[in-house]
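For ligands, and for the atoms within them, numbers begin at 1 and follow the listed sequence.
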Amino acid sequence: MHISRSVGDLRKHVAALKQQGKKIGLVPTMGALHEGHLSLIRLARKHSDAVVVTAFVNPTQFGPEEDFDRYPRSQSHDMHACETEGVEIFFMPPVEEMYPSTSHIGFTINTLDEHLCGATRPHHFPGVIQVVNKLFNMVQPDVAVFGQKDIQQYKILERMRDEFAHPVELIRAPIVRDSDGLALSSRNAYLTPEQRSKAPMLYQALHYVGMRIQKGDTHLINLIEDRKKTLTENGFQVDYLQCVDEEELQPVSEPEPGQNYIVAGAVYLGATRLIDNIIVEASDRVK
Ligand code: AMP
């Protein structure tokens with residue numbers, strides 16, 4: 001595995017792989033790799049001949065009060081994990097390499113970041129667009145793999161790919177969970193044992209709402225409010241718990257049969273923010 005810390009070196013090594021006729025798969029991450037990330041790497045491997053993993057905690061997608069400084073960093077663990085997975089290039093640039101000068105160009109997102117995480121994290125998705133756009137230009141991959149875990153990110157990146165005409169196929173990887181349902185996340189490391197034992201309640205709430213939608217329930221407002229109340233009573237601070245349509249990510253209170261919906265939530269347990277979602281198809285009868 002080649003370890004690259006500069007854009008020039010990255011480009012050189014990617015070019016050499018392309019010259020050998022290899023199809024390049026890109027897996028962007030912020031490091032602190034867990035089984036969820038590894039599942040993305042394995043999926044990239046299936047769809048390409050050489051995998052490039054990037055580990056970069058991107059400062060521009062964190063708000064001023066957020067956890068950029070204390071975000072978990074574990075470079076030697078990450079390198080070892082990628083090596084074991086047979087990754088060809090591991091790119092871990094310092095911040096100055098990704099942002100050598102003050103940026104004069106910003107990104108705005110219309111409607112897709114109005115709800116869910118975008119509503120309370122206005123800096124987040126413009127920062128994601130900025131860094132993924134750079135990574136796409138640096139690597140020019142044939143395919144790039146992102147997780148359903150960050151479903152709003154995935155939807156926005158699909159739009160970015162189309163609107164900026166990036167010639168890359170995006171692949172969406174399913175969410176990897178612990179045995180009790182909690183979605184794996186680098187931020188789970190922040191949880192105290194007591195918070196960790198409560199954390200699966202987020203997935204349980206989403207699962208319950210999703211199950212009602214699948215059974216044809218069209219009155220989601222009270223259903224969702226009840227779940228929020230239960231979470232709050234158990235020490236969660238709920239940022240949002242919402243059902244949105246799969247295309248435009250707009251809130252829906254009366255799902256239509258045959259349509260797909262995303263039931264998504266973000267909560268705080270202490271200072272730790274957890275997100276999760278499920279995608280369900282609404283049915284036409286109440287069972
Ligand atoms: P992050 O390092 O948190 O920015 O995540 C990097 C990529 O891994 C993103 O595309 C995430 O959606 C994906 N990811 C994070 N957690 C999981 C998980 N539990 N299962 C599958 N993919 C995940």
The closest protein heavy-atom partner of atom 11 (C) of ligand 1 is Asp150 OD2, 3.0 Å
Atom 5 (O) of ligand 1 has as its nearest protein heavy atom His37 NE2, 3.4 Å
among protein heavy atoms, the one nearest atom 7 (C) of ligand 1 is Leu40 CD2, 3.6 Å
Self-check item: Cluster check Phe136, Phe164: I/L/V/M/F/W/Y, side chain < 4.5 angstrom
Solution: yes
shortest atom 14 (N) of ligand 1-to-protein heavy-atom contact is with Lys149 CB, 4.2 Å
So is Val145 polar-close to ligand 1, meaning N/O to N/O under 3.5 Å?
-> no
Check: Asn58/Tyr99 side-chain N/O donor and acceptor closer than 3.5 Å:
yes
Ranked by distance from atom 20 (N) of ligand 1, the top protein heavy atom is Val176 N, 2.8 Å
(Q) A cation-pi test, strictly: NZ or CZ of Arg73 under 6.0 Å from the centre of the six-membered ring of Phe68 and no more than 45 degrees from its axis. Yes or no? (A) yes
Query raised in the report: Should Met30 be counted as touching ligand 1, given the test is an N or O pair under 3.5 Å?
Result: yes
- Below 4.5 Å, heavy atoms only, C-beta onward: do His115 and Gln250 meet side chain to side chain? yes
Notebook entry, point to check: Would Glu35 count as a contact of ligand 1 if the rule is a heavy atom under 4.0 Å away?
Noted result: no
Practice problem: Compute the centroid of each ring, for His37 and then for His34, and state whether the two points are separated by less than 6.0 Å. | Solution: yes
Are more than 12 heavy atoms, taken from residues, nucleotides or ligands other than Glu194, located less than 6.0 Å from that residue's CD atom? no
Less than 6.0 angstrom from the centroid, inside 45 degrees of the normal: does Arg227 satisfy that with respect to the ring of Tyr208?
yes
- Polar proximity ligand 1 side, Ala173 side, N/O cut 3.5 Å exclusive: no
query: Looking only at side chains, do Gln152 and Asp113 share a donor and an acceptor under 3.5 Å apart?
result: no
Looking only at protein heavy atoms, what sits closest to atom 21 (C) of ligand 1 is Pro174 O, 3.3 Å
Verify whether one side chain among Tyr203 and Asp180 offers a donor that lies under 3.5 Å from an acceptor in the other. no
_For Ala55, state whether at least one heavy atom is located under 4.0 Å from any atom of ligand 1._
no
For ligand 1, is Ala32 a contact, meaning one of its heavy atoms is under 4.0 Å away?
no
| query | Hey, does Thr29 come in under 3.5 Å of ligand 1, counting only N/O atoms on both sides? | reply | no
**Request:** State whether the shortest distance between N or O atoms of Gly147 and N or O atoms of ligand 1 falls below 3.5 angstrom.
**Result:** yes
